[in-house]
Each structure stands twice: as structure tokens, then as C-alpha cells.
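Everything below concerns the one structure shown next.
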Protein chains: 2
Amino acid sequence: MARRNDHSREELKTMILDAAWNITGDEGFSAVTARRIARAIGYTPGTIYNVFTSMDDVLIALCARVVDELSAMITLPSHYDPAARPDHNLKIMARLYRRYASDHLHHWMLLFGYNLTESTQVPEWYNEKIALLFDPLEQMISPLFAPGGERRKKIAARILWSSVHGLCFLEATRKIPFITDYADPEEMMDYMIDGFISGIGR
Amino acid sequence: MARRNDHSREELKTMILDAAWNITGDEGFSAVTARRIARAIGYTPGTIYNVFTSMDDVLIALCARVVDELSAMITLPSHYDPAARPDHNLKIMARLYRRYASDHLHHWMLLFGYNLTESTQVPEWYNEKIALLFDPLEQMISPLFAPGGERRKKIAARILWSSVHGLCFLEATRKIPFITDYADPEEMMDYMIDGFISGIGR
DNA sequence: ACACGATTATGAACAAAGTTCAATAAAAAT
DNA sequence: ATTTTTATTGAACTTTGTTCATAATCGTGT
């Protein structure tokens, strides 16, 4: 019952994360427990604490995976039309975001439904990862701003992101009932983006 | 150890909710446990299950309180200028919402951070309560729509709400770092509302 | 080969969580 | 006074995260 060395530290780490990933996908992150993971990978709970410092640690690493997937998705150039206007590609990006949220609801919810204990600090590399998500968005709306309009551009990017996210969140969690009773959410996002973009020109 | 009849059923209910409310306000809803509540009101955990069916039941009732507070706040006529244009009052409403989120962060987070177990269905009265929140908003933007534009008005109300909420949520949870690095969130909300409103006119 | 030290997995143990329920004490009814 | 009803309890069960002494095995030096 010791030093099996069947798997390296690194292998164990990915095995644990893979297991946690699958459990999350199937049943949501609240079903992720040390004992469930251990059972899934053929180890015991204690092992997980040899590789991660806590369950929070595991879930933060899981969050990072989700961010990575999201990032890879919205960065893929083949989704966009480089010749099109910003609002066209913006709508595509918003749809990609929304589709990820609905296709991988449980993984996506991990990012926002999982409440880090207030004592646990979010590691710096995680914040940097999220900050990177803004880059393609800022690049996309860049043509709408005069040179030197960096600040307004960053603000606009954050507003757009928040708005799209807010709609997806309230739709996904069904916290606001009837949100889809009057229009397709995609239509609403388009409407929102059009409104905001045309407002930028003032 | 029985039938003390110190308090009626109804009294017990409010005592439990008051205790849960205070614990939430002080330490967040994850600190709300049956044993904590029981200790606070001088009863034992079992008593709580005589009054509520489960801890979920307690937390849903708590959510209802938050919605009631929010509703009362944004409905108060004295906050608004009936002679002003919609965008002016809209901004006020958005600020009220944001201020509630920051002043009562733990209570507000209960609404969105507390994940109802997927098995637990949200009761109908709760959904109706939330739907009511839209009424003052729809009324406010009514002048922007021609008669018969009911559908577009409802859509616009939901988009506005989602956007404002998205910004507040990402700010409050600090899920998106640096969101406040470039502008005051109030300024961002104003910018967002202006953009969207001016986009409605097309 | 052998033994020893370093490492690694274990599983028993702890506290605290939600939840249940037979037992009990007190109020109400007879 | 006795019985019935009911409110409250507290012990018990399961499951959670987490710790750590213990045991097993690998790598290495003799």
C-alpha cells in the first residue's frame, strides 16, 4: 500500500483533474468530492492531498481548464471574418461564449457558481489567465476607436463582456424566469450589441 | 425538553429566518448551518426541521427576503424624478441595484451564489416575485417605445437588467480582475445605458 | 545480493455538515 | 386525575474535508 509509482506526480495531477472534470460535466461541481475522485482513479482520498493542497486547489485548477477552453474557443481565427465589421464578429464571439455556456453548462458554472472560500485567495496566474480573455475582444473593437482611445476601448470591452455574460448567466441559471419568453437569447444579444455599438459612435 | 410553546410556529419561522439573515450578513450564506441557527435562537437543530423541510427551504425563504428588499428599494418613488428622461431614472435604478449589491454583498450573493440543488425545484411564488422586479423597469422605459412595442420593450428591459447585473456581478465577485482599473463602475454603467438607449432609437 | 534510507500511498480518525426519528416532557382535553 | 396530543429534544447515521502515523515499496550504496 505504498510507493507504487504507477504514475508520476504529473500523471496523478492530470488523472485527478480528468476525473474531477468528468464528474463536474456529469453532475456539476458539487458532486466533486475527494472520495469520488479517489475511487475514479483507483487511489484513496489521502493521495489527492499529496498532489493538491486542498479541494479548493483542485477546483481552482479545474477553473483554469475551463478558462483555457473558453480562451481557445474564442481565439480560433477560423470563426471570424477578418473583412467584416466589428459588430459582426462581436456577435459571433458572443454566440461562441453563449454556446460554450449551454454546451458545457456544468463546467462553465464552475467559474461562477463555485464560491471560493473567502479565506482562499485566487492565485495570480489565474487572474492573468482571465485577463487574457479580454485581448481578442479589445482587438476586435479596436477599429471603433480613434488612436489614443485605449481607455475607452478597454472600458467598452469590459462592458460588452459583462453584458453578454450577464445575459448568459441569467439564462443559464434561470435565475430570471421568462427571460426567454419574449425572444431568442441570441436575438437579444444581437440587439444588445447593436445598441451598444451604435451608441459608441454617439 | 418538549412542548415549551414559548413561541408560535410563525414566531419560530421568523426567528429562524432572522438568525439565518444575520449569519449571512456577517459571514456569508455558507456559514448558515442548522446548528448555528439553533444555537442562535436557543433551540436545537431538530426544531428547524419542524418548521422548514430542509436547509434549502430556509435558504430559499432567505432569498425571498432579499428579493423583497431589492424590490422595495427600486420601487420607492422618492428616488426618481418623474419629469426626467428615462435614461436619467434608469441610471438611478442601476445605481440603486449596484449599491444594494455592495452594501449587502452577502445577502445579494445569496441570490446568485447559492446554487439550488438541481433536484430542488424553485417554488412558483419565488419566480413570480422575481418577475415583479421587471415591472418598474418596463414602466420606466415605456416612453421610448411606440404603442404596440410591448415585445421590444420587454426585451429591452431584460437586456438592460442582464447587463447591469452582469457588471455588478463580475465586480462584486471580482471574477474578472481589473474590471475597475479603467473606470468607476458607475461610469461604466452610465456609459452602457447611454449606449443602449441611444441604440434603441437606431 | 542485501540492507537501509527516502519516498509514497494508505486508511483510520477527527470535526462538522444535513437529516431522521424514537423518546420525552409538557400542554390540552377528557 | 388521567389520557391524549404535540412540541422539542438529542442521539444516531451518513457524508464531507482534512490530517497523519503507519506501512509498503523504490532507489541506492555497500
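Proteins come first, then strands; the chains are lettered A, B, ... in the order of their sequence lines, and each starts at number 1. Reckoned from all heavy atoms, side chains included, excluding hydrogens, waters and symmetry mates. If you're wondering where the values come from, they're calculated on a predicted model, not measured in any experiment.
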Before we go on, tell me: are the rings of B:W161 and B:F134 under 6.0 Å apart, centre to centre?
yes

Identify whether any heavy atom of A:V32 sits under 4.0 Å from a base atom; if not, whether one sits that close to sugar-phosphate; answer base, sugar-phosphate or nothing.
sugar-phosphate

B:L59 has an atom CG; how far is it from atom C1' of C:dA17, in whole Å?
13 Å

Minimum-distance nucleotide (side-chain atoms of A:M55 versus D:dT18, C:dG18, D:dC26)
D:dT18

Sequence-distant partners of A:E11, salt bridge (charged side-chain N to carboxylate O under 4.0 Å, His left out), two or more places apart:
none

Rounded to whole angstroms, how far apart are CG on B:D56 and C1' on C:dG18?
10 Å

Derivation and outcome, side-chain contact (heavy atoms from CB on, under 4.5 Å), residues B:L132 and B:D135:
CA-CA 5 Å; B:L132 276 175; B:D135 286 353; 3.5 Å; yes

Using five base pairs at each end, measure the axis-to-axis angle across the helix from C:dA1-D:dT30 to C:dT30-D:dA1 and round it to 10 degrees.
20°

Of the residues in residues 43-54 of chain B, which ones touch DNA chain C at a heavy-atom distance under 4.0 Å?
B:Y49, B:S54

When we call it a touch if two heavy atoms are under 4.0 Å apart, what does A:R9 touch: a base, just sugar-phosphate, or nothing?
sugar-phosphate

Holding to side chain to side chain donor-acceptor pair (under 3.5 Å), I want the full list of residues that pass it with A:R65, two or more places apart in sequence or in another chain.
A:D18

Checking all strands, does B:L12 fall into the base, sugar-phosphate, or nothing category for heavy-atom contacts under 4.0 angstrom?
sugar-phosphate

side-chain contact (heavy atoms from CB on, under 4.5 Å) involving B:D190 - partner list, sequence neighbours excluded:
B:K91, B:R95

Could you state the CZ-P distance from A:R39 to D:dT16, rounded to the nearest angstrom?
8 Å

Distance, rounded to the nearest Å, where A:I37 contributes CD1 and C:dT10 contributes C1'
17 Å

Using side chain to side chain donor-acceptor pair (under 3.5 Å) as the criterion, list what pairs up with B:H7, not counting sequence neighbours.
B:Y43

Find the distance B:R35:CZ to D:dG10:P and express it as a whole number of Å.
13 Å

Position toward the 5' end of DNA chain C (nearest nucleotide), B:A34 or A:H7
A:H7

With sequence neighbours left out, the residues meeting salt bridge (charged side-chain N to carboxylate O under 4.0 Å, His left out) with B:R85 are none

Rounded interatomic separation in angstrom, taking CZ from A:R4 and C1' from D:dG27
18 Å

Could you tell me which residues satisfy side chain to side chain donor-acceptor pair (under 3.5 Å) with B:E150, sequence neighbours excluded, listed by chain and number?
B:K153

In whole angstroms, how far is the C1' atom of C:dT8 from the CD atom of A:E11?
15 Å

Residues that A:D68 engages under side chain to side chain donor-acceptor pair (under 3.5 Å), provided they are two or more places apart:
A:K129

Rounding to an integer number of Å, can you tell me how far B:I23 CD1 sits from C:dA17 P?
10 Å

